[in-house]
Amino acid sequence: MIEIRFHGRGGQGAVVASEILATAFFREGKFVQAFPTFGVERRGAPVAAFVRTSSVPIRLRCQIEEPDHVVVLDPTLVSAIQVTSGLKPGGWIIINSEHDPTDFTQFLDGGWQVACVDASGIAVKQELGTRTNPIVNTSVLGAFARATGLLQLESVLEAVRKGVPVRAEANVRAARAAFEAVRYSTLEEVQS
Amino acid sequence: MIVTTEETREVITGNHAVSHGARLARAQVISAYPITPQTQVVELLSSFCEDGSLDAKFIQVESEHSAMAALVGASSVGARCFTATSAHGLALMHEMLHWAAGARLPIVMANINRAMGAPWSVWTDQNDSLSQRDTGWMQIYCESNQEVLDTVIQAYKTAERVALPAMLVLDAFVLSHTAEPVEIPSQEAVDDFLPPYEPDLRLSTEDPHSFSGLATPDTYMEFRYGIQKSMERALEEFQRVDDEFYEAFGRRYGLIEQYRTDGAELLLVTSSTITSTARVVIDELRDSGRHVGLLKIRLFRPFPGELLRSLVANAKKLAVIDRNIGFGVGGIFAQEIRAALYNHIQIPVFGFVAGLGGRDVRPSLIREVIEYAETHEEPEDLIWKGVKL
C-alpha cells in the first residue's frame with residue numbers, strides 16, 4: 001500500500017487533486033481511497049488531503065500519519081507548516097515552486113527526494129484561475145507521475161478530464177506541461 | 001450532464017453513493033435541509049432533479065422537522081420518499097420520526113453519523129442515530145460506500161414490504177467524504193429488483209379514508225402491537241431481500257456478518273467503519289494463530305437477537321466496541337447484545353467505548369481491545385479506550 005498526503009490552502013483544490021489521483025490509480029486497476037482532512041475548512045488556511053492505493057482491497061479506515069509521499073500545492077506552506085511530518089524515509093516531496101530541488105537542502109539532507117515544478121506559472125499560462133490565485137491542482141499531478149514513476153501520465157490525464165468541473169482540456173495541457181517541466185533530485189543523485 | 005443509466009464503476013464518496021442509491025431507487029419526492037456532513041447528498045440529488053436524471057420533486061424546506069413532515073404527507077399519497085440528515089438535524093426530526101413509523105410509511109433516510117453537541121462537533125459517532133432507537137425506524141449501519149449504495153436499494157424493498165420506515169447510517173467523513181471505487185448498477189437492473197411502490201391504502205380523494213386520527217385507549221395499543229409484529233417480520237424480510245439482492249447483483253451483507261470466526265474463542269463485535277479496520281487486525285491475529293474472530297452488526301433495528309445467539313454459541317468471550325455512549329450505563333450495542341443473550345446463554349461481554357466525536361480508531365486500539373479481553377477473566381461493562389485522562 002502507498003499513502004500520499006497533499007498540502008494546500010483551502011480553495012486551492014487539494015481535495016479534488018486527491019480524488020483525481022485516486023481515480024488515475026483506479027484506472028490502472030488499483031484499489032484506492034481518497035479523503036480530505038476530516039472537519040471544517042477555511043479558504044486560505046492550510047488543509048490536507050490523502051490518497052491510499054494498493055493492489056489489494058483497502059480495509060484501513062484510519063487517518064494517514066506516515067505517508068510515503070507528500071505533494072505541496074502552495075510554496076508558502078514549506079515554511080509555514082511541517083510538510084515532512086511522519087513522511088517515510090526516501091519519500092518524494094513534490095513542490096509547486098520556481099526553485100530548484102537542490103535549494104531544498106533541509107529536505108534532501110533529511111533523506112527525502114525532492115521534485116519542483118512551477119505549477120503556478122503553468123496554470124497562469126493555461127489561464128487556470130488568476131495570476132494571484134492560480135489553480136495548480138492538476139499541474140502538480142503531472143509532476144507527481146513523472147517524478148515518482150508510480151503511474152502513467154495517460155492515466156492522470158484521463159482522470160483529469162473526468163474529474164475537473166470545467167476547462168478539462170486546459171487542465172490536461174497543464175498536467176502534461178508539468179510532466180515535461182518537472183525537475184527532480186533522486187536520492188542517488190543527492191548521495192553522489 | 002445526465003448520468004448514464006448503464007452499469008459503471010466509479011470512484012465516489014459515501015455521500016454520492018447515497019445520492020446514486022436514491023436515484024436508482026427512483027425516489028419520487030425528496031425533501032431535505034442541508035447539514036454538514038450530509039450536505040453533498042442532497043446537493044447531488046437536487047442536481048439530478050434539475051438535469052432530468054431523476055424524475056422527482058425536490059422540496060427544500062426550512063428545517064429537518066419540516067423535511068420529514070413533508071415526506072409524511074408525500075408518502076401518504078403513495079410516493080416513494082427520500083431524505084438525508086445528520087446529528088442535530090435528525091434530533092430536530094424526532095417528533096416526525098415517530099409519526100412516520102406510526103403511520104406505517106416506508107420512507108427511507110440516510111443519516112450521516114455525527115456527534116451531538118454541546119460542545120459542537122461535525123465528526124462521527126453513533127449517538128445521533130441511536131438516540132432514535134425507539135421511534136419504530138429500522139436502522140442499518142454501513143461499512144463501505146458500496147454497501148451504502150446497495151443498502152438504499154435494499155432498504156426500500158424491505159421497508160415497503162413491512163410498511164415501516166428505514167434509516168441507513170454511515171460514518172461522517174470516514175465514509176461520507178471518502179472516495180473509493182463503487183459499482184453503480186444499471187437503472188434496468190435496479191428496476192427489475194425494486195418494483196414501484198404500491199401501498200394497500202393511500203390518501204386519495206377517489207377513495208377517501210381517515211389516517212392517523214385519534215386512537216383512544218380502546219384502539220391505540222393494537223397499533224403498537226402491529227409495529228412490533230412488522231419489526232419481527234422485517235428480520236426475515238431483510239434477510240430475504242439481501243438474498244434476492246445477491247442473486248441480482250452478486251453482493252450480500254447479511255444482518256450480522258461473520259468474519260474469520262471458525263474456532264474463535266474471542267469474538268470482537270463492531271459496527272460501521274470500525275469493522276473495516278478491525279478486519280486488518282483480525283487477519284494479522286488469525287494468521288499468527290490467535291483464536292479470535294469478528295462479528296459485524298449491520299442491522300440494529302430490528303435487532304437480530306436469535307441470529308446473534310446462534311453465532312456466538314461456541315465463543316468463550318465477546319468484546320464489543322461502541323462508538324457511542326448511553327450515559328449512565330455504557331456502550332449501546334453492548335447493552336443490546338447482553339439483553340439478547342441474558343435469558344438464553346451466558347457469555348462474558350466486555351464493553352469498550354472508543355472513537356467518540358470522530359477520534360481516530362487505529363489498528364493499535366483494536367489490538368489493545370482484543371488483548372484486554374483475552375487476558376481478563378471477569379467481564380467489565382464499560383472500558384474506555386483512547387480517552388485522555
Side-chain angles (χ1 to χ4, degrees), chain A residues 1 3-4 6 10 13-42 47-66 86 141 151 155-156 158-166 168, chain B residues 1 8-16 36-37 39-40 47 114-115 120-124 142-146 170-182 259 270 272-284 294 323 354-355 357-366 386:
Chain A
M1 179 146 64
E3 297 180 321
I4 301 147
F6 286 80
V15 176
V16 172
S18 71
E19 291 187 3
I20 291 174
L21 184 62
T23 304
F25 278 116
F26 172 66
R27 294 189 69 84
E28 295 195 352
K30 296 290 201 301
F31 293 91
V32 296
Q33 205 182 64
F35 54 92
T37 304
F38 294 169
V40 285
E41 291 175 354
R42 285 167 298 136
V47 297
F50 305 86
V51 171
R52 283 192 173 106
T53 177
S54 170
S55 53
V56 296
I58 300 168
R59 304 290 188 208
L60 280 181
R61 293 195 182 274
C62 52
Q63 301 284 300
I64 292 172
E65 308 285 349
E66 295 182 347
L141 296 179
L151 75 177
S155 310
V156 171
E158 277 308 301
V160 166
R161 259 189 205 101
K162 213 168 147 16
V164 296
V166 290
Chain B
M1 181 190 68
T8 56
R9 212 167 134 77
E10 310 272 349
V11 178
I12 58 171
T13 61
N15 275 338
H16 287 178
T36 300
T39 305
Q40 296 164 342
S47 80
R114 161 179 161 178
W120 281 118
S121 171
V122 294
W123 294 271
T124 198
C142 298
E143 179 191 354
S144 70
N145 292 354
Q146 184 71 61
L170 53 147
D171 285 338
F173 298 107
V174 189
L175 289 187
S176 73
H177 284 64
T178 295
E180 61 184 10
V182 173
Y259 184 71
T270 58
S272 296
T273 57
I274 291 177
T275 310
S276 189
T277 304
R279 289 178 198 272
V280 177
V281 176
I282 294 292
D283 282 348
E284 271 171 31
L294 176 66
R323 196 171 218 161
R359 185 159 296 179
D360 205 20
V361 176
R362 307 185 60 75
S364 53
L365 184 147
I366 296 169

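Values below: all heavy atoms of this structure, side chains included; hydrogens, waters and symmetry mates excluded. Here is the naming used below: chain letters follow the sequence lines, and residue numbers restart at 1 for every chain.
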Can Thr178(B) and Phe38(A) be said to form a side chain to side chain contact (heavy atoms under 4.5 Å, CB included), step by step? CA-CA 9 Å; Thr178(B) 295; Phe38(A) 294 169; 4.2 Å; yes
Under a 4.5 Å cutoff for heavy-atom pairs, which residue among Ser176(B), Pro37(B), Pro181(B) has the most contacts with chain A? Pro181(B)
Non-hydrogen atoms of Phe26(A) and Arg9(B) that approach each other most closely: CE2-O, 3.6 Å
Do Leu175(B) and Phe35(A) have side chains that get closer than 4.5 Å, going by heavy atoms? no
Between Arg61(A) and Asp171(B), is there a side-chain heavy-atom distance shorter than 4.5 Å? no
By side-chain contact (heavy atoms from CB on, under 4.5 Å), Pro363(B) pairs with (sequence neighbours left out) Leu60(A), Cys62(A), Thr277(B), Val281(B), Arg367(B)
Out of Arg59(A), Glu65(A), Lys162(A), Gln33(A), which one racks up the most heavy-atom pairs below 4.5 Å with chain B? Arg59(A)
Under 4.5 Å to a heavy atom of chain A? For Thr13(B) that would be side chain
So which part of Arg362(B) gets closer than 4.5 Å to some heavy atom of chain A, the side chain, the backbone, both or neither? both
Contact summary for His177(B) and Pro36(A), nearest pair of heavy atoms: O-CD, 3.1 Å
Tell me, side chain or backbone of Val174(B) under 4.5 Å from chain A's heavy atoms, or both, or neither? both
CZ/Arg52(A) to CD/Glu180(B) distance, rounded to the nearest 0.5 angstrom? 11.0 Å
